[in-house]
Amino acid sequence: MSQETELKLEVHPQDLAALLKHPLLKARSARRERLFNTYFDTSTLALRAQRMAVRERRVGRQTLLTVKTAGQSVGGLSQRGEWEAPARPGAFDFTALVDDAALAAQLASVAWQLVPVFRTDFTRRSWVLQHGPARVEVALDQGFIATGNAQGNHRQPILELELELLEGPVDALLDLAHTLALGPQGQAATALRLLPANRSKAERGYALYMGERLQPVKAEKLQLQAGMHPVQAFRAAALSCLAHLQANEACVLHPGTEGALPDPEFVHQARVALRRLRTGLRIFRAALPRRFAAHWSGEWKLLTNQLGDARNWDVFATEWMPELLAGRGPAGCLADGSTQALEDWVQQQRSAAWQRAADALGSPEHALRLLAFTRAVLCLQPADPAPTEASTDDGLAVWARATLSERHAALRQEARAARRLGPEGRHALRISLKKLRYAQEFLASVLPPKRVARSTAVLANAQELLGRLNDLSTAHALLGAVAAGPASALVVHWQQSLQARLDAGLLELPAMERLLEKTPTPWG
């Protein structure tokens with residue numbers, strides 16, 4: 001078995017010509033070949049369920065049989081097991097191909113059930129580059145994925161750059177990707193849109209075959225080991241957040257052809273991923289290089305803010321607007337067509353905000369950011385790797401209790417201050433609640449589970465109340481941007497309604513703040 005280490009980058013069609021002019025690629029002649037690939041599975045898609053792929057590749061007169069196993073992919077960088085060898089078409093001799101006896105037996109048991117599921121047809125231009133200590137195969141694939149099902153035949157374009165590490169360190173692979181993304185001029189100002197992509201051709205092909213649409217993805221629970229160094233824990237947390245972000249940004253970039261905006265949950269989950277990532281940078285700050293923490297905190301804050309408008313208009317259009325329309329307004333405040341005009345205006349604002357979010361996630365700056373951050377995180381090493389008294393089997397658990405203890409103390413102070421500081425105090429308290437809740441989620445696996453659940457429940461309830469008050473304030477402010485016109489009376493009525501609900505919600509704050517002053521800690 002070979003261990004395939006590969007970095008996949010989605011190429012924007014408008015940047016293809018510039019990519020081919022990059023000095024690293026122009027200096028060598030490309031090998032060009034047409035690749036016809038057929039992917040096989042059982043009628044119940046048993047291989048897909050195991051996150052495996054069986055493929056026949058026809059290159060000229062030769063047929064290659066390939067088996068790929070489940071791997072890990074983040075920041076476009078994936079590692080998986082791979083077996084490939086010449087074979088006769090339709091002859092699935094897995095015993096001869098796969099040197100893992102258990103896997104070979106598993107595949108052999110279903111070989112007779114394998115049928116074509118989808119195919120890919122693309123032209124590959126490839127170069128083998130020596131980049132520092134590494135040899136890398138750079139492959140540019142251009143073509144399509146095709147399949148047929150009960151709904152008809154379907155195609156999806158392929159335009160991607162794959163960098164496969166032949167030998168050398170992974171860091172050199174990421175450095176080469178960053179160099180290519182900087183474009184022919186080698187400057188960030190003229191960089192190319194080479195976005196790291198975690199979905200393989202096989203994953204895309206299966207989704208096309210099943211007619212599946214991308215669904216919003218929530219954060220997976222982070223499993224840390226009690227004996228980890230905080231830097232190792234941060235690395236795991238950061239890569240988890242990056243995977244969470246990338247799983248949701250794809251549908252913001254490619255919303256589909258129907259014209260309707262995607263599920264608002266995509267932008268929401270992307271922002272959750274970014275907030276969790278920024279929380280990780282804060283709670284692990286003392287263990288991280290100072291410049292690293294400061295730089296990346298600023299970078300991810302910028303992107304979070306760029307997605308903020310889309311989230312605000314999503315909430316207003318999908319939650320507040322229907323409720324306000326159902327309530328209408330006092331008799332005589334509506335002119336003919338004013339309600340429809342107001343709805344149209346809201347949708348225009350929402351569409352424009354989504355376009356700004358898509359522009360931010362599809363920009364060369366974001367592509368460079370993803371590549372640079374992935375590389376920087378993988379390069380992190382503990383500053384004190386030698387064994388110390390603190391680096392025991394429960395060293396991370398001890399560190400987690402000390403870190404969260406400080407944050408709980410700070411939260412209690414802010415809860416007391418919020419009573420007298422008004423809106424500013426509530427906003428600061430809401431932010432602190434989010435930070436503490438995400439911090440506890442990061443560290444939950446090294447703390448007593450029942451106490452973590454109890455503490456997090458109190459924080460979640462308080463955060464829900466403050467979030468509702470914040471949404472009311474935001475909706476009130478968004479209505480303030482409506483231009484004067486026939487709907488002005490209705491807008492004023494809605495603002496008054498929102499303000500009344502905000503005032504009622506504020507009456508719940510004292511009890512919540514007193515409860516936060518006694519927030520249970522997530523440790524024994």
Side-chain angles (χ1 to χ4, degrees), residues 1-6 8 30-71 78 80-126 128 137-162 164 166 199-212:
M1 179 189 76
S2 64
Q3 183 74 20
E4 179 187 56
T5 300
E6 179 181 272
K8 188 186 298 291
R31 179 184 178 186
R32 193 181 184 104
E33 52 191 352
R34 182 84 173 268
L35 303 179
F36 300 90
N37 307 280
T38 303
Y39 288 77
F40 294 84
D41 208 329
T42 69
S43 59
T44 59
L45 303 184
L47 298 183
R48 187 197 193 194
Q50 299 294 318
R51 297 185 61 210
M52 291 191 293
V54 169
R55 179 189 73 199
E56 275 189 355
R57 167 168 288 174
R58 182 159 55 87
V59 188
R61 296 183 177 181
Q62 185 181 44
T63 298
L64 300 173
L65 178 62
T66 307
V67 171
K68 294 190 179 188
T69 58
S78 62
R80 61 174 64 89
E82 179 183 31
W83 293 263
E84 185 171 79
R88 289 185 297 107
F92 301 113
D93 189 356
F94 296 116
T95 303
L97 175 66
V98 179
D99 57 9
D100 182 319
L103 178 60
Q106 178 186 352
L107 290 168
S109 69
V110 299
W112 64 277
Q113 302 178 53
L114 296 181
V115 294
V117 179
F118 59 91
R119 63 187 176 89
T120 61
D121 181 353
F122 56 87
T123 299
R124 168 166 288 178
R125 283 171 278 191
S126 60
V128 175
E137 181 185 55
V138 178
L140 175 64
D141 295 340
Q142 187 173 10
F144 60 87
I145 303 170
T147 188
N149 55 28
Q151 286 71 46
N153 297 320
H154 308 278
R155 278 194 179 196
Q156 198 174 87
I158 294 172
L159 184 56
E160 60 190 30
L161 196 68
E162 293 183 352
E164 183 174 353
L166 303 179
R199 298 178 78 207
S200 66
K201 294 183 182 72
E203 289 174 300
R204 292 176 59 194
Y206 274 118
L208 188 65
Y209 172 74
M210 295 297 293
E212 295 173 347

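Side-chain atoms are counted along with the backbone in the values below, which use heavy atoms only and exclude waters and symmetry mates.
The residues K201 and E162 are annotated as salt-bridged, a charged nitrogen and a carboxylate oxygen being separated by less than 4.0 angstrom. A salt bridge links R80 with E4; the closest basic N to acidic carboxylate O contact falls under 4.0 Å. With respect to R55 and E84, a salt bridge is recorded, a charged nitrogen being found less than 4.0 Å from a carboxylate O.
In terms of the side chain to side chain contact (heavy atoms under 4.5 Å, CB included) criterion, residue partners of R155 (sequence neighbours excluded) are, by chain and number, F144, A146. Not counting sequence neighbours, the partners of A111 by the side chain to side chain contact (heavy atoms under 4.5 Å, CB included) test are F92, F94.
The minimum heavy-atom distance between A91 and L65, with the atom names listed, is O-CD2, 4.1 Å. Listed here is the closest heavy atom pair of A207 and R48: N-NH2, 4.1 Å. In terms of heavy-atom proximity, G205 sits nearest to I145 at CA-CG2, 3.8 Å. When all heavy atoms of N153 and G148 are compared, the closest pair comes out as OD1-CA, 3.6 Å. Nearest heavy-atom pair across V117 and F40 is CG2-C, 4.2 Å. Residues S200 and K8 come closest through the heavy atom pair CA-CE, 3.9 Å.
Although no hydrogens or angles enter the test, the distance criterion places no donor-acceptor pair under 3.5 Å between the side chain of D141 and the main chain of E160. In this structure a side-chain-to-backbone donor-acceptor pair under 3.5 Å is missing from T95 to A104. Proximity of a side-chain donor or acceptor of T69 to a complementary backbone N or O of G81 within less than 3.5 Å is detected. Judged by distance alone, with hydrogens and angles left aside, the side-chain atoms of E82 form no donor-acceptor pair with the main-chain N or O of T66 at under 3.5 Å. Although no hydrogens or angles enter the test, the distance criterion places no donor-acceptor pair under 3.5 Å between the side chain of Q50 and the main chain of L47.
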Practice task
Evaluate side chain to side chain contact (heavy atoms under 4.5 Å, CB included) for V54 paired with M52, printing each intermediate quantity in order.
Solution key: CA-CA 7 Å; V54 169; M52 291 191 293; over 6 Å; no
Handout entry: Working for side chain to side chain contact (heavy atoms under 4.5 Å, CB included), residues L114 and L107
Key = CA-CA 10 Å; L114 296 181; L107 290 168; over 6 Å; no
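Taken from OG1 in T63 to CZ in R57, the straight-line distance is 11.5 Å, to the nearest 0.5 Å. Note that CE of M210 is 12.0 Å distant from NE2 of H154, once rounded to the nearest 0.5 Å. Going from atom CH2 of W83 over to atom NZ of K68 covers 12.0 Å, rounded to the nearest 0.5 Å. Going from atom OG of S78 over to atom CZ of R199 covers 14.0 Å, rounded to the nearest 0.5 Å. Here the CG atom belonging to D41 is positioned 3.5 Å from the OH atom belonging to Y206, to the nearest 0.5 angstrom. Between the CZ atom in R119 and the CG atom in D121 there is a gap of 6.0 Å [rounded to 0.5 Å].
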